[in-house]
Peer 1: 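Okay, here's the structure, questions in a sec.
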Amino acid sequence: MFALVDVNNMYVSCERVFRPSLLGRPVVVLSNNDGCAIARSNEAKDLGIKMAQPWFQIRHLRREAGLMALSANFELYGDMSSRMMALVGEYAPRQEIYSIDECFLDFDGVRDHLAGIGRDMRAKVLQWTGLPTSVGFGPTKTLAKLANHVAKTADRKPGSYPAQWAQVCNLAELSALDLELLMRATEVGNVWGVGRKTSARLNEQGIRSVLDLVNADANTLRGQFSVVLEKTVLELRGTCCMGVDEAPAANQQIMCSRSFGAPVTELSVLVELVSQFASRVAEKARQQRSVAGAVHVFVSTSPFRQQDRQHSPSGTLPLSRPTADTRGLVAAAVRLVQGLVRPGFNYVKAGVMLVDLQPEGQVQQELDLFAGMEDAGAPTRGRDQLMGALDTLNQRFGKGAVSVASAARLEARGGSVAAARQAWRSARYTTRLDEIPTVHA
DNA sequence: TCTGGGGTCCTAGGACCC
DNA sequence: TCTGGGGTCCTAGGACCC
């Protein structure tokens, strides 16, 4: 048996822990640049606000409905997530942390009292962290996901499902009749792995509910769609196609990209931005002990500015020697961006991606045949120590305390036009001593 | 005026090989 | 006029997830 535990409206719930005045109010958390809503409280959902809806479209609800908006505070959410995951992980022999707000638990062999365990887990997380969760149990991961959807929806929309399924729902406890009722009442688009496009195509064929999908011919669907959908159908029927993965492999790509606060036309500014992004991905690569075989850079104009001429070039540069050294990666990224950018365009976004990632230490030395001879014999140790020192300093004194020169100029100028807008960010209550909450007695 | 930032996996099609 | 068949690898793009 698997459980899926997830935090309801994670980002909003994290904010509410430290600002109880937000409870009961419509609240959204905004993306970078305060651009669009990436988390919504139930009250905000009830106002009709959609996921990723642009802020300028819903701003009027501040006055009309008391909508509160907060800028994203990922440092806070990440720390709250770690606390929640640690608590939940105690309940089962294996845990797969699937995203910042949800994890699978593998209750191998356990069949009884699961709902009770779920309620206990929920209560403990609520008491210890203040975060409300939903828990779904099922014999496969896809069914646990479905159970979680039911637990959350039954809680949020009374009448949608029987009330006893709210908050914690165990599909294995249900009679065959109840399970059929549940699947008939649930739209196929709510199934894990069935997105917008697929559900539209399924609907055309008359497959509207989860029950319709379960009763469809898996083989035919495989031909029409893909093996992914076939697996989903099998999982819905109770056949396990996926296990819990406790230690997911290192990422195969590492990306850092941002939309800018204002359009950028100057190459020099883009060089500085891309340098910053490259520094960030280099740091991430070192964290997971990987080296990159190639660097990919893209810049793009805004498809929403229809009066602008559009230009979205990208390029990839293979490295003669795979590395996670900030200097080498910044140099490659800068060379790329210099070749991409053309004058006369309003660029609004850029990004750097590391690809061809390999574990550090098992780098193929043959690739060095054509590398520059000047450093062929240089000890790599010096480099590692320099990067180690860089990471330590930045960890201790804050991001950007030490950086390569091309990335540092932006900050020296006191930010730039491209700086992201973050008008309403809350304090990093749990990770910064100088932002720790004050309690007034 | 103002529209996120990460990731994964699968498939189709082309290049290339024998 | 008639022009094989089977394989691998790589890449781009699409769909999905949160």
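Everything numeric in this text was worked out from a predicted model, so none of it was measured. In what follows, chains are A, B, ... by sequence order, proteins preceding strands, each numbered from 1.
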Peer 1: Are more than 12 heavy atoms, taken from residues, nucleotides or ligands other than A:E64, located less than 6.0 Å from that residue's CD atom?
Peer 2: yes
Peer 1: Give one of base, sugar-phosphate or nothing for A:R421, where a contact means two heavy atoms less than 4.0 Å apart.
Peer 2: nothing
Peer 1: Let me know, please, whether A:V227 or A:I38 comes out on the 5' side of the other along DNA chain B by nearest nucleotide.
Peer 2: A:I38
Peer 1: Return the CG to NE2 distance between A:L182 and A:H149, rounded to the nearest 0.5 Å.
Peer 2: 8.5 Å
Peer 1: Hey, is CD on A:E246 packed in by over 12 heavy atoms from elsewhere, all under 6.0 Å?
Peer 2: yes
Peer 1: For A:K231 and A:R258, find the nucleotide of DNA chain B closest to each by heavy atoms; which residue's nucleotide sits nearer the 5' end?
Peer 2: A:R258
Peer 1: Tell me what A:T198 touches on the nucleic acid: a base, only sugar-phosphate, or nothing, going by heavy atoms under 4.0 Å.
Peer 2: sugar-phosphate
Peer 1: Which base, if any, makes a Watson-Crick or G-U wobble pair with B:dC18, both distances under 3.5 Å?
Peer 2: C:dG5
Peer 1: Using modelled atom types only, decide if a donor and an acceptor are shared between the side chain of A:S31 and the backbone of A:C36 within a distance under 3.5 Å.
Peer 2: yes
Peer 1: Who are the side chain to side chain donor-acceptor pair (under 3.5 Å) partners of A:T265, not counting sequence neighbours?
Peer 2: none
Peer 1: Provide the distance between the two P atoms, one in B:dC17 and one in C:dT3, to the nearest whole Å.
Peer 2: 24 Å
Peer 1: Heavy atoms of chain A, cut-off under 4.0 Å: which first and last nucleotide of DNA chain B, 5' to 3', fall inside that, if you could look?
Peer 2: B:dT1 to B:dT11
Peer 1: Among A:Q287, A:R286, A:Q288, which one satisfies side chain to side chain donor-acceptor pair (under 3.5 Å) with A:S290?
Peer 2: A:Q288
Peer 1: When we call it a touch if two heavy atoms are under 4.0 Å apart, what does A:K50 touch: a base, just sugar-phosphate, or nothing?
Peer 2: nothing
Peer 1: Base, sugar-phosphate alone, or nothing: which one does A:I254 contact when heavy atoms must sit under 4.0 Å apart?
Peer 2: sugar-phosphate
Peer 1: Using a cut-off of 4.0 Å on non-hydrogen atoms, how would the nucleic acid contact of A:V191 be classed: base, sugar-phosphate, or nothing?
Peer 2: sugar-phosphate
Peer 1: If you look at every strand shown and take non-hydrogen atoms under 4.0 Å, does A:D101 touch a base, only sugar-phosphate, or nothing?
Peer 2: sugar-phosphate
Peer 1: Which part of the nucleic acid does A:Q53 contact within heavy-atom distance under 4.0 Å: base, sugar-phosphate only, or nothing?
Peer 2: nothing
Peer 1: Do A:H311 and A:T301 have side-chain N/O donor and acceptor atoms under 3.5 Å apart?
Peer 2: no
Peer 1: What is the nucleic acid contact for A:R305, judged by heavy atoms within less than 4.0 Å: base, sugar-phosphate only, or nothing?
Peer 2: sugar-phosphate
